[in-house]
Every structure is written in structure tokens, then in C-alpha cells.
Amino acid sequence: MQKINPSFSAGTLKRGILAGIDVTWQLARIIIPIYFIVTFLKHTPLLDKISVLFAPFMGIFGLPGKAAVVLVLGNAVNLYAAIGAMISLSLSVKEITILAIMLSFCHSLPVETALAKKIGLSAVNVIAVRACLAVISGLAFNLIL
């Protein structure tokens, strides 16, 4: 018979549940509004115009033009905004995978570049390296997948 760890208590469980609810709330505050905004844009000519405008560039990654919205939100805001946009668009598994890989290298540029600058790195170099890695990974995984 196993003994229950004495450091585990109802208080620990309560704190864990409350922390989980708090994190869920923080994420929902970003993801849900972005989801509704992008869903609304799908029903207007604006998303179609964005798609047509960015289709040639996004096509080199095997992505539709509308995926540019996901990349812009991921780079300008954060990954959770990109997830909200990604959920509302009808993307294939391949397209979602390519976007996720690209965003893993290059996301939240304003915040993370400011942090990198505080530790003494060049902002231009940080953005250039991260953007190049995103482009290279997008190209490579478009060929692989």
C-alpha cells in the first residue's frame, strides 16, 4: 500500500485549480476576440483582398494568402493571437504545421526584441536572424510535408 505524499493537500489542489483557471482566462482573453474578428473578416471582402495581395508571397511556403493574417498577428502580438486567427481560418494540417514552425522561430517581435536589446543584443540582428529562420523553415517544410 502506497502512502500519500504529505506535502500534497487540499490547499495544493485548490491553488492548482485556481492557477489553471487564471491561465485559461488569460489565454481566452486573447484567443476568443481574435477568433471572432477574423471570423467576421471572413465574411467581408477585406480578407479576400488580403488573400489576393499576399497569395504570391505565401504561396512559396505552400500557404494561402489568408495565412498572412496569422503570421502578422503572431509576429506583432503573440502566439495566442495567431492561434485565434488560425482556428477561425479553414487551414489544412500541413498549413497549420508550417505556420506553427515558422512562428516558433519568429513571434512576438516587439516584446522579445526589446528583451534582447536589454541584454545587449542588436535589435536588427535579432529580428533578421529570427525572420530568416522562419523563412528557411517555411520553405523547407513546404518541400518536406
Side-chain angles (χ1 to χ4, degrees), residues 5 7-145:
N5 186 347
S7 65
F8 180 79
S9 66
T12 303
L13 183 60
K14 181 181 175 184
R15 282 191 310 276
I17 289 171
L18 291 175
I21 291 170
D22 184 52
V23 168
T24 302
W25 171 245
Q26 296 298 324
L27 295 178
R29 286 181 23 206
I30 297 167
I31 293 173
I32 293 171
I34 296 292
Y35 172 83
F36 283 113
I37 290 167
V38 174
T39 299
F40 174 76
L41 288 175
K42 282 174 41 177
H43 300 289
T44 67
L46 186 57
L47 189 60
D48 290 334
K49 290 179 182 181
I50 291 170
S51 293
V52 169
L53 181 66
F54 287 99
F57 177 70
M58 299 306 287
I60 64 174
F61 303 111
L63 298 170
K66 63 187 174 184
V69 172
V70 175
L71 288 177
V72 168
L73 287 170
N75 283 297
V77 183
N78 59 33
L79 288 174
Y80 303 111
I83 291 169
M86 207 180 300
I87 292 169
S88 66
L89 298 173
S90 301
L91 300 171
S92 70
V93 173
K94 176 185 176 181
E95 293 164 347
I96 291 170
T97 303
I98 291 170
L99 283 168
I101 292 166
M102 291 176 75
L103 286 169
S104 70
F105 285 111
C106 192
H107 61 275
S108 304
L109 286 176
V111 172
E112 293 194 8
T113 302
L115 291 173
K117 195 170 179 180
K118 279 189 176 187
I119 63 169
L121 299 174
S122 163
V124 173
N125 288 344
V126 168
I127 291 171
V129 167
R130 292 179 72 197
C132 286
L133 286 171
V135 168
I136 291 167
S137 67
L139 294 170
F141 279 91
N142 181 35
L143 295 174
I144 293 170
L145 298 178

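Counting from 1, the numbers follow the sequence of the chain as shown.
The structure places CG of Asp48 at 12.5 Å from CG of Leu53, a figure rounded to the nearest 0.5 Å. Atom CG of Leu63 sits about 9.5 Å away from atom CZ of Phe57, to the nearest 0.5 Å. In this structure, CD1 on Ile31 lies 8.5 Å from CG on Asn78, to the nearest 0.5 angstrom. Rounding to the nearest 0.5 Å gives a distance of 7.5 Å between CD1 of Ile37 and CG of Leu41. The line from NZ of Lys42 to OG of Ser90 is 4.0 Å long, rounded to the nearest 0.5 Å. For the atom pair Met58 CE and Leu99 CG, the distance stands at 6.0 Å (nearest 0.5 Å).
Of all heavy-atom pairs between Ile127 and Leu109, the closest is CG1-CD2, 4.4 Å. Across all their heavy atoms, Val38 and Ser88 have their closest contact at CG1-OG, 2.9 Å. Nearest approach of Ala28 to Pro33, heavy atoms of both residues: O-CD, 3.5 Å. Counting all heavy atoms, side chain and backbone alike, Ala81 lies closest to Ile34 at O-CG2, 3.2 Å. Of all the heavy atoms in Ala82 and Leu103, the pair that sits closest is CB-CD1, 3.6 Å. Between Val70 and Ala85, the shortest heavy-atom contact is CG2-CB, 4.0 Å.
Leu27 places a side-chain heavy atom less than 4.5 Å from the side chain of Val23. At least one side-chain heavy atom of Lys66 sits under 4.5 Å from a side-chain heavy atom of Leu91. Within the 4.5 Å cutoff, no side-chain heavy atoms of Ile30 are placed close to those of Ile83. Put simply, the side chain of Leu89 does not reach to within 4.5 Å of the side chain of Glu95, judged on heavy atoms. Proximity of Ser9 to Thr12: side-chain heavy atoms (C-beta onward) are separated by under 4.5 Å at one or more points. Between Ile60 and Leu139 the shortest side-chain heavy-atom distance falls below 4.5 Å. When side chains are defined from C-beta on, Ile98 counts as touching Lys94, because their heavy atoms get closer than 4.5 Å.
Counting heavy-atom neighbours within 6.0 Å of Phe61 CZ, excluding the residue itself, gives a total above 12.
Ser104 places a side-chain N or O within 3.5 Å of a backbone atom of Ile101 that can act as its donor or acceptor partner. No donor-acceptor pair closer than 3.5 Å links the side chain of Ser108 to the backbone N or O of Val111. When atom types are taken as modelled, the side chain of Thr113 and the backbone of Pro110 share no donor-acceptor pair closer than 3.5 angstrom.
When Leu79, Val77, Leu71, Leu73 are each tested for a side chain to side chain contact (heavy atoms under 4.5 Å, CB included) with His107, only one passes: Leu79.
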